[in-house]
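Convention: sequence-line order gives letters A, B, ...; per-chain numbering from 1.
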Protein chains: 2
Amino acid sequence: MVSAAMAKQPLEFILEELEQADGLEALQRASEQIRDHYGIDHVVYHWVDSAGDQYGCGTYSDAWRERYLEQNYLRVDPVIVGCFQRFHPVDWKRLDWSSKAARAFQAEAIAYGVGNQGFSVPIRGPNGQFALFTISHSCNDDTWANWTETHRRDLILIAHDFNQKALELEPDRTPEQSQALSPREVDAMTLLAMGYSRAQVADTLSISEHTLRVYIESARFKLGALNTTHAVARAMSRGLIVV
Amino acid sequence: MVSAAMAKQPLEFILEELEQADGLEALQRASEQIRDHYGIDHVVYHWVDSAGDQYGCGTYSDAWRERYLEQNYLRVDPVIVGCFQRFHPVDWKRLDWSSKAARAFQAEAIAYGVGNQGFSVPIRGPNGQFALFTISHSCNDDTWANWTETHRRDLILIAHDFNQKALELEPDRTPEQSQALSPREVDAMTLLAMGYSRAQVADTLSISEHTLRVYIESARFKLGALNTTHAVARAMSRGLIVV
DNA sequence: TTTCTCCTCCCCAAAAATGGTGAGGTCGCA
DNA sequence: TGCGACCTCACCATTTTTGGGGAGGAGAAA
C-alpha cells in the first residue's frame, strides 16, 4: 500500500480523470487507475438494476465475475444484502457473514482473488436504483482500519462521481419521466397505497365512490397500469406519490 | 460571501464539529456554523419520512417552517419533488418551476427569507428513506455558479455526515428492520406490483391460486398491511421488492 | 371564444379478491 | 430429535373491485 503522503494527492487527479471518462471502457480504466493510485487490490463499481440485472465495472478477475453471475451470488453476497439495508459506507467486517452460504461465498471470493478486507459505499437513486462502490484489499485488520479511516471521505466522493459518470454513459438506466397525475389522482393513489379500500378513500376525500373510480381509472390509464395495485406500484416507483 | 481562500478551510473543521454533535440542538448549531463559515444565507437538513412525516433542522425562519408545514408544501416544493426524482446534487435553477403552484411557492419562499439561489443534495437510505441537505443564498447566477462549483464536493461530504449524525441522534427514524419476506412471498409481491392478477401470478409461479393466496396473506401479515395493494406498497417502500 | 383538463355524479353485471379453517410435505437449526 | 419456517394444496360464502356506458360544471389555456 502506498504511503499516506502519496495517497493524499490522487483524489483531485482521480476525480478529474473520472470527469473526462467518455465511455464504459474509460470507466474501466478509471477503476484501474484508482486501484493503482491507492495501491489497493481491487476497485469495483457494481450496479443492480431494478429488474435484478446487474452491471459491473472494476478490477475483479473475469473468472470471478463470471462465477458471480453464473451462481447468481447477488442474493447471497453479504456485501450486497447488507449494504442494501444500510445508509452509510461500511467496512466488510461489520457485515453479517454468519450464515453458511455467506461463509462459503467469502471463502470462494478470496480464492478468486478478492481481498480479505473491503469497504463499500452504497449509492441510491430514485426508483429504487442501487449501486455499490467497493474497494477491497488483502492486509491485516489494523492496517485496513487506518487506511479506511484516512480515505473514507475520498471514497465517498469517488463513489459519487463514479456513479454519476456511469449513469451518464448508460442513459438507459435513467427511465423516462412519466406523465404527472392530477391532485385528486395523487390523493387517491396515496390513500390506496396506505391500505384504504375504495369506500374509505372516497369517504376520506368526501367524494362518491363513483367519482373516486374515475380518478383511479384515469390514473391507471396515465400510468399504463393494468390494475389498481399496478398503478400504485408505478406511482410509487416513479416518485409520483410518497407513502 | 466569504473569500475562496477562507472558504477552503472550514471543511475539516465543520466535519469534526459534526462528528461531535451530541443532540439535535447541536445539529441545529452545526447548521448555523456551516452557514457562517461559508457566509451563505441558509443551511437546511430536511428529512422526509416514508409516512410523509418530516423533520427539519437548519437556519430557515420559524415562520417559514410553520408556513411550510401548515400548507403541506412538501407536495408542492419543487426542490423536494425534483430531488426525489434525481440521483445527484442539483442547483435549484435546474428544477422545474414552471407550474403555477411552484411559482407561487417560490415567491412565498423568497418573501420568507429563503434565498433566490439554492443547491440541494439528495440522500437516500434503505426502505425509501429520503433526506435533503440544502444550502440557499441570495446572489446573482454567476456568483452562485462559481460558488457551487467550488464547493460541490464539500457539500456532498457535509451532507453525508450531517445525515449520518441526524440518523444517529434520532434512531426512531431507522425503523424496525421489517421482517423479511420469504422468496415465494417476494415473487408474489413482485409480480403483483407488475400488474399481474392473482391468476396470472399463480400461473407464472406454477402454483395453484390457493397457494398463492397463502403467500399474499402471509406477506400481508408480515408487513402489517390491510390489503394486497397496501402490502405491495409497503414491500416497495421498504425495499423488499424492486419493480 | 373555443378547447382542454379536471372534478363531480350515476347505473348495472361480471370478475376478482378476501377471510376463515385445515392439512401434508421438506429443510435447516439447535 | 423436535421446533419452526417455508412451500404446497383445498372449500366455503361474502365483499370488493372492475369494465363500459353517459353527463354537467368550473377553470385555465390558446
Response to the item:
Here the distance between atom C1' of C:dA16 and atom CD of B:Gln200, to the nearest Å, is 12 Å
Worksheet item: In terms of side-chain heavy atoms of A:Ser182, which of C:dC6, C:dA17, C:dT8 is nearest?
Response: C:dC6
Worksheet item: What is the distance from CZ of A:Arg184 to P of D:dG27, rounded to the nearest Å?
Response: 15 Å
Response to the item:
Readout for nucleotides 18-30 of chain C: B = base within 4.0 Å of protein heavy atom, S = sugar-phosphate only, - = neither; 5' to 3' it is BBB----------
Worksheet, complete the sentence: Separation of D:dC6 atom P from B:Ile207 atom CD1, nearest Å, is 15 Å
Worksheet item: Given axes from five pairs at either end, by how many degrees does the helix from C:dT1-D:dA30 to C:dA30-D:dT1 bend, rounded to 10°?
Response: 70°
Discussion item. Tell me every residue that passes side-chain hydrogen bond (donor to acceptor under 3.5 Å, both in side chains) with A:Asn227, counting only those two or more places apart in sequence or in another chain.
Written reply: none
Fill in: Distance, rounded to the nearest Å, where B:Tyr215 contributes OH and D:dA5 contributes P
16 Å
Item to complete: Just jot down the side-chain contact (heavy atoms from CB on, under 4.5 Å) partners of A:Glu108, sequence neighbours excluded, or say none.
Response: A:Trp64, A:Arg67, A:Tyr73, A:Tyr112
Worksheet item: Residues in side-chain hydrogen bond (donor to acceptor under 3.5 Å, both in side chains) with A:Thr211, at least two apart?
Response: A:Ser208
Fill in: Separation of D:dG19 C1' from A:Phe221 CZ (nearest whole Å)
15 Å
Fill in: Protein-nucleotide distance (B:Glu185, atom CD; D:dA5, atom P), rounded to Å
12 Å
Side-chain donor-acceptor pairs under 3.5 Å in residues 116-123 of chain B, sequence neighbours left out?
{"from": "B:Asn116", "atom 1": "OD1", "to": "B:Cys139", "atom 2": "N", "distance (Å)": "3.2"}
{"from": "B:Asn116", "atom 1": "ND2", "to": "B:Cys139", "atom 2": "O", "distance (Å)": "3.2"}
{"from": "B:Gln117", "atom 1": "OE1", "to": "B:Lys93", "atom 2": "NZ", "distance (Å)": "2.9"}
{"from": "B:Gln117", "atom 1": "NE2", "to": "B:Cys139", "atom 2": "O", "distance (Å)": "3.1"}
{"from": "B:Gln117", "atom 1": "NE2", "to": "B:Asp141", "atom 2": "OD1", "distance (Å)": "2.7"}
{"from": "B:Ser120", "atom 1": "OG", "to": "B:Trp92", "atom 2": "NE1", "distance (Å)": "2.9"}
{"from": "B:Ser120", "atom 1": "OG", "to": "B:Thr134", "atom 2": "OG1", "distance (Å)": "2.7"}

Discussion item. Among residues at least two apart in sequence or on other chains, which ones pass side-chain hydrogen bond (donor to acceptor under 3.5 Å, both in side chains) with B:His160?
Written reply: none
Worksheet item: Between atom NZ in B:Lys222 and atom C1' in D:dG4, what is the gap in whole Å?
Response: 12 Å
Practice prompt. Name all residues meeting the side-chain contact (heavy atoms from CB on, under 4.5 Å) criterion together with A:Asp142; count only those two or more places apart in sequence or in a different chain, and write none if there are none.
Written response: A:Asn140
Practice prompt. Rounded off to whole Å, could you give me the CG-to-P distance for the A:Leu212 and C:dC9 pair?
Written response: 10 Å
Discussion item. Once side-chain contact (heavy atoms from CB on, under 4.5 Å) is applied, do any residues pair with B:Ala199, and if so which ones, sequence neighbours excluded?
Written reply: B:Ser197, B:Glu209
Worksheet entry | Pair A:Thr229, B:Thr229: side-chain N/O donor-acceptor within cut-off below 3.5 Å | yes
Worksheet item: Base, sugar-phosphate, or nothing for B:Thr211, non-hydrogen atoms under 4.0 angstrom?
Response: base
Discussion item. Under a plain distance cut-off of 3.5 Å, with no hydrogens placed, do B:Tyr68 and B:Asp77 share a side-chain donor-acceptor pair?
Written reply: yes
